[in-house]
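For reference, the structure I am asking about is given below.
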Amino acid sequence: MNIQYISIFSFIIFLIGLCGTILSRRFINILISLQFFIISALINYLGFSLFVYDLSYWDKSFVFFAIISLYLLFFIIVFYNYSKQTNIYWLDAMADISLFKTDKSDWWGDEKDDSA
Amino acid sequence: MTVLEQLDKICPFYSCAALMPAIILSVFFGLSKNKGLKVFILAVSVLSIIAALFFNIYIFILKGAFSDYLFSYNLLEAVQAGFIFFAALNLIIFITVGNFYRDNFIQILILFLITILISVFFIASSNFIAIFVSFVLLSAGIFQIVTVLNSNTGTRQINSISEYIVKNDILRFFLVSAFSILLLFTGFSIIFGASDFKSFLQILESEKINATLLKTGIIILFAAVFSYLFLFPLQGAYIRLLKKCEPTTTCILWFLYFPAGIFLFLKLRNVFFYIADNSSFYLSISLIVAAALTLIGANLGAIKTTSMRRILSFIFMANLGMLLLALGLYGAKTIDRQTFTWFFIANLFLLLLSYLPVFTVFNFIEKKEGSDSIDNIAGLARNNKTIGTALIIILASFAGMFGTAGYLARIHIIKPFLGFLTSGNSLYEGVPAEAGNAFAYAGFALALISWAFLAVNIARIIIILVKKPHNNKTYAFPKSYYIYSIIYTLAALWIGVAGLLEIYGSDIYITGYSLFNISF
């Protein structure tokens with residue numbers, strides 16, 4: 001085991017997460033993609049902690065508090081999504097929350113009507 | 001141990017202590033729908049925010065700077081906390097006007113006060129753990145306020161397509177925010193790999209600052225701030241949400257969410273200074289290109305739309321572009337560190353002083369007309385001379401008119417170039433003078449274009465305000481609207497005159513201290 005391989009592995013997971021976040025259109029897919037970022041960062045922390053900084057408590061404290069706060073944020077986002085249901089299938093089917101999608105109307109002219 | 005010595009232990013969080021009674025008290029009445037109780041909790045909340053604002057200033061003057069393992073509180077942090085408290089005081093008025101008769105009004109106030117409390121912790125944090133955790137919790141707090149303000153109480157089911165679209169826009173906005181936060185997490189993990197530093201100050205003091213891994217981590221942190229602020233071309237989620245959300249939400253995002261991103265950048269500023277000082281040429285080019293995209297894209301967006309909310313949202317984004325331009329100008333060595341920080345803070349306060357009264361009046365008209373079309377304000381200055389004149393002065397100040405507060409904030413991006421043009425020396429070490437000068441001229445041109453663009457956008461609104469209306473429709477503004485607009489107009493003029501006196505060498509400080517000599 002080598003720290004370089006761990007870093008490369010972590011970077012690949014980061015890229016998977018990045019591609020997934022940018023390309024996904026569905027809420028659940030985006031959430032899963034965001035999890036990849038967490039995994040990638042955790043691999044970084046644990047890898048560096050094991051191979052570079054022996055007996056470091058700093059990273060463990062950081063990871064502990066960061067994970068709690070991050071999952072709190074994720075929990076309230078997921079809760080909000082599933083607590084406000086439509087029960088109208090075609091509305092859910094047309095849901096597109098691509099994070100970085102930019103239409104022409106997002107910066108040029110007036111906004112097009114989403115409900116049309 | 002005396003009470004005073006015990007109180008010393010909570011330094012510098014006296015302002016948080018001032019907020020706590022209101023939070024604790026309101027928790028006991030969170031489910032109440034009683035009007036009297038709502039008024040009582042509102043009064044306590046307002047008083048606690050005023051007390052927090054007072055303690056923030058007074059204790060800093062009394063005790064001075066503070067620093068420990070987790071937190072650091074200097075003049076810059078005190079000013080940032082002052083900004084948040086002042087914004088909170090205005091936001092609580094907006095929340096009350098729009099939501100007082102809702103059943104969950106007290107719950108909204110609880111969430112709001114807790115978010116303000118977390119903001120102060122975030123501002124004061126200097127250790128990576130404190131920065132990250134408080135930043136995530138702040139985003140979570142803002143998310144909760146936004147969702148509560150945009151939800152119908154008691155209905156779990158969405159009843160209309162517009163409500164469904166707003167829900168999706170909120171989700172999209174805060175998923176981008178979560179994405180930025182995860183980028184931050186990744187950035188911190190890489191910085192940990194390069195060193196086991198626990199704050200940005202340690203990075204600066206270390207020899208490892210030039211390590212590639214460390215620089216990669218810092219670049220990821222900057223990318224996180226970029227996406228958090230929805231800078232061009234990532235503005236889609238921001239523009240869509242602000243067009244459709246409940247009106248108070250726009251102000252919550254402008255004055256709680258976006259300042260958090262700017263404050264995060266200000267924590268990184270010393271690292272940025274170091275990197276910019278050592279690789280200024282290419283870094284400046286990238287920053288100036290990014291600033292140009294944001295400035296031109298946002299200003300064009302504002303010109304092409306007829307929706308007031310979109311115009312204000314785009315102009316807000318253009319102002320963020322100006323801050324980005326300041327980064328490029330620092331890289332070009334045309335402004336110094338002091339001016340850089342001053343420019344950031346001055347522009348934040350200018351946004352606050354200008355947007356609050358403008359938003360108040362436009363929101364009133366939007367509610368009356370049922371739409372936010374710019375045509376609704378046609379002839380407002382003719383039919384309602386007091387509010388019309390106040391708006392024109394505030395908007396002119398925002399555009400940077402001479403003699404107003406806006407002029408002081410804007411002049412800093414032009415002034416250094418004037419000095420450079422007279423000296424004519426190359427600005428970069430190791431770069432031919434011609435290339436360096438050409439780049440500095442490009443930056444100067446962009447600064448002028450951005451200013452001119454902004455002025456055109458503001459001029460468009462002013463022309464519509466004074467042009468002859470299609471019908472002689474008048475709006476009966478409550479007296480409080482007059483008072484509110486006039487106070488801000490006088491503030492813009494007062495600060496403008498104080499600044500002018502300083503510029504022309506007067507040693508009479510009508511604000512009580514020198515505006516330009518505040519050293520952050």
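Lettering follows sequence order; numbering is per chain, from 1. Hydrogens, waters and symmetry mates play no part in the numbers below; they use all other heavy atoms, side chains included.
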Original post:
Looking only at atom types and distance, does a side-chain atom of Ser119(B) sit under 3.5 Å from a main-chain N or O of Thr115(B), one as donor and one as acceptor?
Top reply: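 Checked: pair present.
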
Original post:
Where do Asp372(B) and Ser307(B) come nearest, in terms of heavy atoms and distance?
Top reply: OD2-OG, 2.6 Å

**OP:** Check each atom of Lys243(B) against the heavy atoms of chain A and say whether the ones under 4.5 Å are side chain, backbone, both or neither.
**Re:** side chain

Original post:
Do the side chains of Phe112(B) and Leu256(B) get nearer than 4.5 Å, heavy atoms only?
Top reply: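 Leu256(B) reaches Phe112(B) side chain to side chain.
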
**OP:** Heavy-atom distances under 4.5 Å only: say whether Ser61(A) touches chain B with side chain, backbone, both or neither.
**Re:**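 Its backbone and side chain both get close to chain B.
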
**OP:** Pick one of side chain, backbone, both or neither for Leu99(A), based on which atoms fall under 4.5 Å of a heavy atom in chain B.
**Re:** both

**OP:** With a 4.5 angstrom heavy-atom cut-off, could you sort out which part of Leu31(A) is near chain B: side chain, backbone, both or neither?
**Re:**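 Just the side chain, heavy atoms under 4.5 Å.
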
Original post:
Contact part of Ile181(B) toward chain A, heavy-atom cut-off under 4.5 Å: side chain, backbone, both or neither?
Top reply: side chain

Subject >> Region of Phe188(B) in contact with chain A, defined by heavy-atom distances below 4.5 Å >> reply: both

Subject >> Under 4.5 Å from any heavy atom of chain A - which part of Phe192(B) >> reply: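 Both backbone and side chain.
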
Original post:
So, Phe230(B) versus Phe173(B), ring centres under 6.0 angstrom or not?
Top reply: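 Yes, close enough.
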
Subject >> Contact origin within Ile30(A) toward chain B - heavy atom pairs under 4.5 Å >> reply: side chain

Subject >> Portion of Leu175(B) that has a non-hydrogen atom of chain A nearer than 4.5 angstrom >> reply: both

Original post:
Where does the angle between the aromatic ring planes of Phe185(B) and Tyr45(A) fall among parallel (under 30°), tilted (30 to 60°) and perpendicular (over 60°)?
Top reply: tilted

Subject >> Atom of Lys267(B), atom of Phe200(B) and distance for their closest heavy-atom approach >> reply: O-CD1, 3.7 Å

Original post:
Is there side-chain contact between Arg309(B) and Thr250(B), with heavy atoms separated by less than 4.5 Å?
Top reply: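 Yes. Closest side-chain heavy atoms under 4.5 Å.
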
Original post:
Which bit of Ala194(B) is near chain A, if near means a heavy-atom gap under 4.5 Å: side chain, backbone, both or neither?
Top reply: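 For Ala194(B), backbone heavy atoms alone lie under 4.5 Å from chain A.
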
